[in-house]
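Counting starts at 1 for both ligands and their atoms, in listed order.
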Amino acid sequence: MNDKQDLQTVAVNYGVASNKEFGAIIPPLYLSSTYEMEEFGKKGAYDYGRSGNPNRSLLAEALAKLEGGARSVITSSGMAAVDLVLALLEPGDMVVAPHDCYGGTYRLLSARAAKKHIDVTFINFYEDHFESRLPKSIKLFLIETPTNPLLRLIDIAKISGLAKRYGAWLAVDNTFLSPALQRPLSFGADFAIHSTTKLINGHSDVVGGAVICADAAHHEKLLWWANCTGVTGSPFDSYLTLRGLRTLHVRANQQQATASFLAGQISEKNLAKIYYPGLTSHADHALMLRQQQGPGFMLSFEMAGGISAVKKFLKKLHIIKLAQSLGGTESLICHPATMTHAAMPEAVRHQAGITDGLLRLSVGLEAPQDLLQDLLAGFSE
Ligand code: PLP
């Protein structure tokens with residue numbers, strides 16, 4: 001393969017026409033849980049489905065190429081991917097994470113810390129001089145950018161420099177953008193993490209995850225742990241996710257364009273307080289221009305009347321569905337306080353700015369005008 005190919009071409013073509021047996025254009029699905037030994041004591045490329053599978057390998061190679069990493073590991077969910085990176089740590093190792101990280105990540109880190117598997121400090125990365133509040137010793141910075149659900153941005157290059165000073169690793173959860181819109185390893189991160197459940201698969205029919213490693217030695221350790229604990233992704237999920245990946249760039253670009261249009265309309269019409277990095281009024285707009293290939297397909301807004309206003313708004317929607325996930329072809333709306341961030345203690349949630357009136361919108365591929373009409377109906381008295 002030509003290494004200079006645009007990443008969109010890589011996503012569309014990776015593994016296409018690689019089938020030697022029948023010349024199948026689309027790589028076949030290998031469901032077999034086990035593989036015949038070449039001879040006594042000598043295994044072939046694959047031996048057992050938990051340890052390796054051709055569909056999983058193709059997806060892993062494609063994602064490593066898109067993120068600019070050495071290798072990657074495909075996991076059974078995004079949470080399994082986050083937890084897999086934690087497998088590199090020893091008891092007493094300190095993890096620093098954003099105080100407004102995804103609720104599931106908050107729960108995982110807190111539960112592992114409660115069991116003394118690791119130590120954790122949650123930091124408000126947007127405060128001036130947050131560096132002075134960091135613990136003395138750190139082994140892993142585990143950040144998300146943009147954050148879920150307030151879409152604040154963290155400067156990856158800056159945290160990478162900080163991590164190097166601490167002798168720590170930097171892992172960036174890139175779920176909210178995908179490599180089509182942001183490539184954390186190019187800013188010095190050691191790991192990019194994905195819930196491939198979201199934009200990468202893009203069709204809301206797979207739960208999966210991935211860790212892309214800058215360093216092949218890390219990959220070997222992660223692959224060992226993924227096989228040891230059995231969190232590797234399934235063949236069918238890998239097959240579907242590679243199919244979703246083919247259209248990643250066109251979906252990302254179109255969904256982003258529609259999100260920009262809707263955010264502009266909500267802001268111009270003064271319908272609600274809006275959080276979208278594409279707006280010049282957004283606190284991290286300048287960083288977005290430096291770090292991302294566009295503002296993304298997620299936006300959040302605040303209903304002034306709290307829970308009762310939220311309930312009224314949601315009842316008036318017809319196209320946009322109330323559901324947890326994001327990044328699919330269909331637009332989904334979510335109430336973080338009672339859904340994605342319900343695992344966060346109320347006080348921590350409020351401190352992170354996730355109020356009862358906040359709604360998060362994942363913009364899909366519907367016609368922009370239809371989505372606007374739906375939102376306007378929601379906002380109407
Ligand atoms: N990371 C982020 C930013 C997420 O939004 C999610 C899920 O919403 C996850 C990780 C977890 O992924 P999964 O649900 O595939 O386990």
Tell me which protein heavy atom sits closest to [atom], plus the residue, atom name and distance to 0.1 Å.
atom: atom 15 (O) of ligand 1; answer: Thr197 OG1, 2.6 Å
atom: atom 5 (O) of ligand 1; answer: Asn148 ND2, 3.4 Å
atom: atom 7 (C) of ligand 1; answer: Lys198 NZ, 2.7 Å
atom: atom 13 (P) of ligand 1; answer: Gly78 N, 3.4 Å
atom: atom 1 (N) of ligand 1; answer: Asp173 OD2, 2.6 Å

Indicate the ring-plane relationship of [X] and [Y], choosing parallel, tilted or perpendicular according to the 30° and 60° boundaries.
X: Tyr166; Y: Phe141; result: perpendicular
X: His341; Y: Tyr102; result: perpendicular
X: Phe313; Y: Phe301; result: perpendicular

Using atom types as modelled and distance alone, determine if a side-chain donor or acceptor of Thr197 lies under 3.5 Å from a backbone N or O of Gly208. yes
Quick check: does any side chain N or O of His219 sit under 3.5 Å from a backbone N or O of Ser72, one acting as donor and the other as acceptor? yes
Of Cys101, Ser195, Ala80, the residue with the heavy atom nearest atom 12 (O) of ligand 1 is Ser195
Between the OG atom in Ser380 and the CD atom in Gln373, the distance rounded to the nearest 0.5 Å is 10.5 Å
What I want to know is whether Glu144 and ligand 1 share at least one N or O pair that is separated by under 3.5 angstrom. no
Taking only non-hydrogen atoms of Gly208, do any sit less than 4.0 angstrom from ligand 1? yes
Please identify which atoms of ligand 1 are closer than 4.0 Å to at least one heavy atom of Met79. 11 (C), 12 (O), 13 (P), 16 (O)
Is it the case that more than 12 heavy atoms not belonging to Lys43 sit under 6.0 Å from its NZ atom? no
